[in-house]
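A short worksheet on the structure shown next.
Everything numeric in this text was worked out from a predicted model, so none of it was measured. When a residue number appears, it is its place in the shown sequence, counting from 1.
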Amino acid sequence: MAMVGRPRGVDNAVILRATTQVMGQVGPAGLTLAAVAREVGLAPATLVQRFGSKHGLLLALANQTEKDMSELVGRVRRSHDSALGALAALMVRSLAALSTPESYANHLAFLCMDLGDPQLYERALAIHHTQQRMIEQLLTEAVGAGELRTNSSPTALARTVQAVIAGSGLNWALEREGGLEQRLRQQLDAVLAPHLPPHANPDMEES
């Protein structure tokens with residue numbers, strides 16, 4: 001007999017989004033299948049059946065994250081008139097789960113853990129490369145549309161932008177001045193400024 005009031009049709013995508021939220025709240029030490037199960041209203045045994053273990057849950061989350069990032073660039077591009085506006089939105093959305101210095105610190109702790117785990121490292125690197133390709137794609141489009149100087153190298157600039165994303169978040173978490181979105185947009189404007197054509201005034205404030 002089914003338990004009354006126990007959700008039975010919770011999609012894995014919902015569980016993985018809840019996992020991201022719990023990760024930001026409690027960090028590696030506090031992340032358990034039971035904590036995630038409470039967040040979505042399921043029995044821990046259900047998560048064991050689906051993912052096998054906490055490690056399996058983290059692997060599934062990494063796989064989903066790479067897939068989501070691959071799809072995100074199309075969504076942000078369709079909702080922005082300019083490639084640079086889409087790039088700013090992409091940066092902001094890629095760190096949407098890190099809305100407080102505490103959640104940033106907790107997610108950073110998970111990244112440090114990934115670096116020491118061969119399977120998680122492999123997926124973290126794949127996510128890194130996917131993000132880099134997405135940034136380069138938008139920068140290439142910006143050069144073609146005249147938003148950036150034609151002598152700008154999208155490949156080299158993409159690496160710089162990716163470093164800005166990581167560095168801006170860390171500096172913001174340390175300094176705790178203003179919001180992360182504002183910091184990201186300011187730093188992106190600064191790194192792109194030397195590459196803008198003289199007449200350009202792109203709207204980097206799109207969201």
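Two residues are said to be in side-chain contact when any heavy atoms from C-beta on lie closer than 4.5 Å; S99 and L180 fail this criterion. Contact check for L120 versus F110: no side-chain heavy atoms found under the 4.5 Å cut-off. By the 4.5 Å heavy-atom criterion applied to side chains, L98 and L108 are not counted as neighbours. Here the side chains of T155 and L139 are not in contact, with every heavy-atom distance at 4.5 Å or above. No side-chain heavy atom of F51 sits under 4.5 Å from any side-chain heavy atom of L58. Counting only heavy atoms from C-beta outward, the side chains of K54 and L47 never approach each other to under 4.5 Å. With contacts defined as side-chain heavy-atom distances shorter than 4.5 Å, the pair I165/Q131 qualifies. The side-chain heavy atoms of V191 and L188, taken from C-beta on, include a pair separated by under 4.5 Å.
Scored by the side-chain contact (heavy atoms from CB on, under 4.5 Å) test, A34 finds T32, R38, P44 as partners (sequence neighbours excluded). With sequence neighbours left out, the side-chain contact (heavy atoms from CB on, under 4.5 Å) criterion links E102 to T100, R176. Applying the side-chain contact (heavy atoms from CB on, under 4.5 Å) rule to Q187 yields the partners V164, S168, R183; only residues at least two apart in sequence or on another chain are considered.
Distance check: R123 CZ to Q64 CD gives 13.0 Å after rounding to the nearest 0.5 Å. To the nearest 0.5 Å, atom CD of residue Q162 and atom NE2 of residue H129 are 8.0 Å apart. Annotation: the span from I127 atom CD1 to E122 atom CD amounts to 11.0 Å, rounded to 0.5 Å. In this structure, CG in L72 is found 6.5 Å from CZ in R93, a value given to the nearest 0.5 Å. Between the OG atom in S82 and the CZ atom in R77 there is a gap of 6.5 Å [rounded to 0.5 Å]. Separating the CG atom in L138 from the NE2 atom in H80 is a distance of 10.5 Å, to the nearest 0.5 Å.
When only modelled atom types and interatomic distance are considered, R149 and S152 share no side-chain donor-acceptor pair under 3.5 Å. For the residue pair N151 and H195, no side-chain donor N or O sits within less than 3.5 Å of a side-chain acceptor on the partner.
Checking side-chain atoms of T150 against main-chain N and O of G146 turns up no donor-acceptor pair under 3.5 Å. The main-chain N or O of A124 is never found under 3.5 Å from a side-chain atom of H128 such that the two would form a donor-acceptor pair. The backbone N or O of L170 lies less than 3.5 Å from a partner atom in the side chain of Y104, making a donor-acceptor pair. When atom types are taken as modelled, the side chain of T46 and the backbone of L42 share no donor-acceptor pair closer than 3.5 angstrom. Checked by atom type and distance alone, the side chain of D11 never pairs as donor or acceptor with a backbone atom of A13 at under 3.5 Å. The backbone N or O of R78 sits nowhere less than 3.5 Å from a side-chain atom of R75 that would complete a donor-acceptor pair. In this structure, the side chain of W172 engages the main chain of G178 through a donor-acceptor pair within 3.5 Å.
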- Message: Set out, in order, the CA-CA distance, both residues' side-chain angles and the distance that settles side chain to side chain contact (heavy atoms under 4.5 Å, CB included) for H55 and Q119, then state yes or no.
- Response: CA-CA 10 Å; H55 190 260; Q119 289 182 298; 3.0 Å; yes

request  = Test side chain to side chain contact (heavy atoms under 4.5 Å, CB included) on V161 and M91 and set out the steps.
outcome  = CA-CA 9 Å; V161 169; M91 288 179 59; 4.0 Å; yes

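Evaluation of the salt bridge (Lys or Arg N to Asp or Glu O under 4.0 Å) test over residues 151-167, restricted to residues two or more places apart or in two chains, returns none.
With a 4.5 Å cut-off between side-chain heavy atoms of Ile, Leu, Val, Met, Phe, Trp and Tyr, the cluster of L115 takes in Y121, L125.
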Donor-acceptor pairs under 3.5 angstrom involving side-chain atoms of residues 14-29: please list them, not counting sequence neighbours.
from: T19; atom 1: OG1; to: I15; atom 2: O; distance (Å): 2.8
from: T20; atom 1: OG1; to: L16; atom 2: O; distance (Å): 3.3

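In the hydrophobic cluster analysis, where Ile, Leu, Val, Met, Phe, Trp and Tyr join through side-chain heavy atoms closer than 4.5 angstrom, V92 is grouped apart from I135.
What you find for P194 and A190 is that their closest heavy atoms are CD-O, 3.5 Å.
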